[in-house]
Each structure stands twice: as structure tokens, then as C-alpha cells.
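Presented below is the structure to which this report refers.
Sequence positions, counted from 1, serve as the residue numbers for this chain. The shown structure was predicted, so the numbers you read here are calculated from the model rather than taken from an experiment. Whatever order the structure lists them in is the order used to number ligands and atoms, beginning at 1.
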Amino acid sequence: MRVVSGIQPTGGLHLGNLLGAILRWVRMQEEAECLFFLADLHAITVDVDPAQLRSNVREMAAALIASGIDPARSTLFPQSAVPEHSELAWILQCTARVGWLNRMTQFKDKSGKNREGASVGLYTYPVLQAADILLYRATHVPVGEDQKQHIELARDIAIKFNTDYDTELFVPPDPFIGGGTAARVMSLRDGSSKMSKSDPSDMSRINLTDSDDAIAQKVRKAKTDPEPLPEDPAELAGRAEARNLVGIMAAVSGESEEQVLARFAGQGFGAFKPALADALVALLSPIRGRLDQLRADPDTTDQHLAAGAAKARQLGAPTLAEAQRALGLSA
Ligand code: TRP
């Protein structure tokens, strides 16, 4: 079992990123050999500010380490530091079919009405993602629901390449969705939209850098309803905000929603919110402390990334070489 996953270095990490992706990665380190990377080549498929991109990569890497990704155990690196990703992506662009990419819903969503003005990179984004995965012959790819279609595309590309060139080089990967925590953390102001760094209201999200007081205040002001909490999670249907807070509590405390509700059934949010704030502070305060230390010493993060990139190249280079051989590009 080998795990590969990437995250875009968007900056402004929040509770949604932590519970939805990062803490799952942290747990997977116990079970498998893991490679995690900052997807900076994917970030440039839309317009970027170069200085911002650089600082986001380092900041995101520091946040991952602060959250528990152990660079001594997992391979952590910036995607662009391993040129094999780009080289394999070109080869795989010649395996993927235009018809396959035309079905990708994320491109349709992201390009919107401006399809003609979108970058070609945004269109072939899923092929680079396939290269990220197939380069390391990963078996499992932990991703959110929104990435499932891209993992299936990587599977199709692996199978077609293997068939076309009569090889067993590529391992068709499996998406690995779910995994215990709240897969989707919603806005604290609107239970129907995802917690996001682009929401204009800072009260809608809990940032990794928020102070204990800010966390408590955001939880206190979080939108709720006047009903008491039920015993059965099914009864949270139609109560998006209540359900979100219960989901967050379950993810943070490592309980099921049933267990959370068993503790709070019949009580209102006046009792629930202070407990949630305490649980969040207990989770986030040590992460923030480690992040502050890493920020004060950027060389340490840079060294981890350089060492991770060297190791990733060692792991990936033989796959690229074999793909080149299979194609007749080298002897
Ligand atoms: N596209 C993914 C996202 O936006 C990030 C990503 C890039 C990725 N390459 C990957 C995830 C390879 C898993 C495997 O979330």
C-alpha cells in the first residue's frame, strides 16, 4: 500500500482543510508509506502572484508539519521540485483522450462562462494529477468527493497506457474517500456553503492562525437554531448549521455523531458551543504553537522540502524511465 496525495498551496489554511484533508493524511502515516506534496504546478493553472505562490508553498508545508505530517516518516515536497511530474504528464497527455477530459466537471465549474479564456493547463489539470499519482505507483489516493472523477481518470489512463504498450508499469489507483473525519466542514455563517478562505466574512471560518479567544468568539457567534440537540443524527436533517457543528465536534473529538449527540441530546447550543470551543482550542492551540516556531525558522521547512524532493525523485525516476522505454523514447 502506497499513499500519494497533494494539496494546492492556496494559503490561509482553515479548519475545513485540517479536518477534511490534513488530519486524515496524518493518520494514514501510521498505516502506509506516504508521499504528500504541495501542488504548485496545479496552482499555476489560474493566474498567480509569484511572490504569493512562493510564500504559500512554504507556509502550507509548515502548516502540514505543524499539524502532524512527519517529514522523517512521510515524503513531503513541492511538486515543481520533482520535474518527473511534468515529464510524465506530457507522456500521459498523449494517452488521455480529448473526450475523457471533456467530461471533467471540475474544468466546467472552474472555467465557467469563460471557457475560451481558460488556460490549456486548467483543461489538462487532471492529466498532471494522474502523473502525480502514477509516477509513484500509488495504490491509494486520499481525496475529497470532488476529486473522485480525477482519480477515475488516472485509472483509465493507467489502464490504457498499460494496454497500448503491453506493460504492467502503471498501477490503477483507488480513490480513498471519507476516513472518519468530517469530510465537509461548512461555513459557520451558512450551513449550506463550504468553509472557505475566499468567504468575505472571517467569522465564517476558523483559521489555523486564530487565537484561542478568536476561536471561542467565532463558535459563540456561529449561526444555529433554537431547537435542542436530538439523540439521532438523522434528526439533524434540514438543520444544516446544527449538523455542521455536530460534525465538527465529532471530527475534533474522534467520536461518532451518535456519541456526540449522546452527550448533548436535549440540550441547546448554550451548552454545546462552549464545549465545542474548548475542543477546538485543545486541537488548534498546539498546532498554532508549532506553526509559529516553524515560521520563525523558515530554513528548517525548506530543508525538509529539499530532502523530500530528493527522495521523491528517487522513487519516481524509475517509473518515468520505464514509461520512456515502453514508448520507444529510450532504449
Ligand atoms: N486536485 C487536487 C485538489 O485540488 C490536488 C491534487 C493535485 C491531488 N494532484 C493530486 C490530490 C494527486 C491527490 C493526488 O484537491
Side-chain angles (χ1 to χ4, degrees), residues 1-14 16-25 28 32-46 48 53 56-57 60-61 63-64 69 74-89 92-93 96 101 104-111 119 121-158 170-179 183-185 194-198 308-309 312 315-316 319:
M1 181 165 167
R2 183 183 272 173
V3 168
V4 169
S5 198
I7 189 166
Q8 285 210 34
T10 48
L13 270 186
H14 54 71
N17 307 119
L18 187 70
L19 298 181
I22 299 169
L23 290 185
R24 278 181 74 207
W25 291 7
M28 297 200 77
E33 181 191 5
C34 295
L35 293 103
F36 299 121
F37 61 90
L38 294 316
D40 51 0
L41 295 174
H42 279 112
I44 62 167
T45 56
V46 293
V48 290
L53 178 62
N56 283 352
V57 167
M60 191 74 126
L64 292 177
I69 298 297
S74 298
T75 306
L76 178 67
F77 59 100
Q79 185 186 29
S80 62
V82 182
E84 285 78 3
H85 287 244
S86 305
E87 288 189 58
L88 183 60
L92 298 182
Q93 284 183 59
L101 288 187
M104 295 294 117
T105 58
Q106 183 175 290
F107 175 73
K108 289 179 198 163
D109 293 345
K110 285 201 183 173
S111 58
S119 74
L122 188 66
Y123 182 67
T124 61
Y125 176 120
V127 185
L128 175 60
Q129 186 165 348
D132 298 337
I133 298 165
L134 301 181
L135 184 63
Y136 302 106
R137 311 180 83 230
T139 53
H140 293 77
V141 186
V143 285
E145 188 65 39
D146 64 329
Q147 295 296 311
K148 204 173 149 191
Q149 197 183 33
H150 290 170
I151 311 306
E152 278 155 10
L153 182 83
R155 259 192 100 78
D156 291 342
I157 292 175
F170 293 127
V171 178
D174 272 320
F176 201 69
I177 292 157
R184 265 165 88 81
V185 176
K194 246 173 117 165
M195 186 176 283
S196 157
K197 70 151 193 145
S198 51
L315 293 171
T319 313

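The distance between the ring centers of Phe107 and His150 does not fall below 6.0 angstrom.
For atom 6 (C) of ligand 1, the nearest non-hydrogen atom of the protein is Gly6 O, 3.8 Å. Protein heavy atom nearest atom 2 (C) of ligand 1, with residue, atom name and distance: Gln147 OE1, 3.4 Å. Of the protein's heavy atoms, Tyr125 OH, 3.1 Å lies nearest to atom 4 (O) of ligand 1. What sits closest to atom 9 (N) of ligand 1 on the protein, heavy atoms only, is Asp132 OD2, 2.7 Å. Protein heavy atom closest to atom 8 (C) of ligand 1, with residue, atom name and distance, is Gln129 NE2, 3.5 Å.
The closest side-chain heavy-atom distance from Leu53 to Ile44 is below 4.5 Å. In this structure, the side chains of Thr75 and Glu33 stay at 4.5 Å or more apart for every pair of heavy atoms. Side-chain contact between Met104 and Tyr125 is absent, with no heavy-atom pair separated by less than 4.5 Å. Contact check for Trp25 versus Ile7: side-chain heavy atoms found under the 4.5 Å cut-off.
Counting atoms of ligand 1 from 1 in the listed order, those under 4.0 Å from a heavy atom of Val141 are 13 (C), 14 (C). Short contacts between ligand 1 and Ile133, defined as distances under 4.0 Å to a heavy atom of the residue, involve ligand atoms 12 (C), 14 (C). Near Phe37, with a cut-off below 4.0 Å to any heavy atom, the atoms of ligand 1 are 9 (N), 10 (C), 12 (C).
Between the choices His42, Gln8, Gln106, the shortest heavy-atom distance to atom 7 (C) of ligand 1 belongs to His42.
Considering Val3, Ile133, Asp132 as possible partners of Val141, the one that fulfils the side-chain contact (heavy atoms from CB on, under 4.5 Å) test is Ile133.
When non-hydrogen atoms are compared, ligand 1 lies under 4.0 Å from the side chain of Val143 (C-beta onward) but not from its backbone.
Atoms CE and SG, from Met1 and Cys34 in turn, are 7.5 Å apart once rounded to the nearest 0.5 Å.
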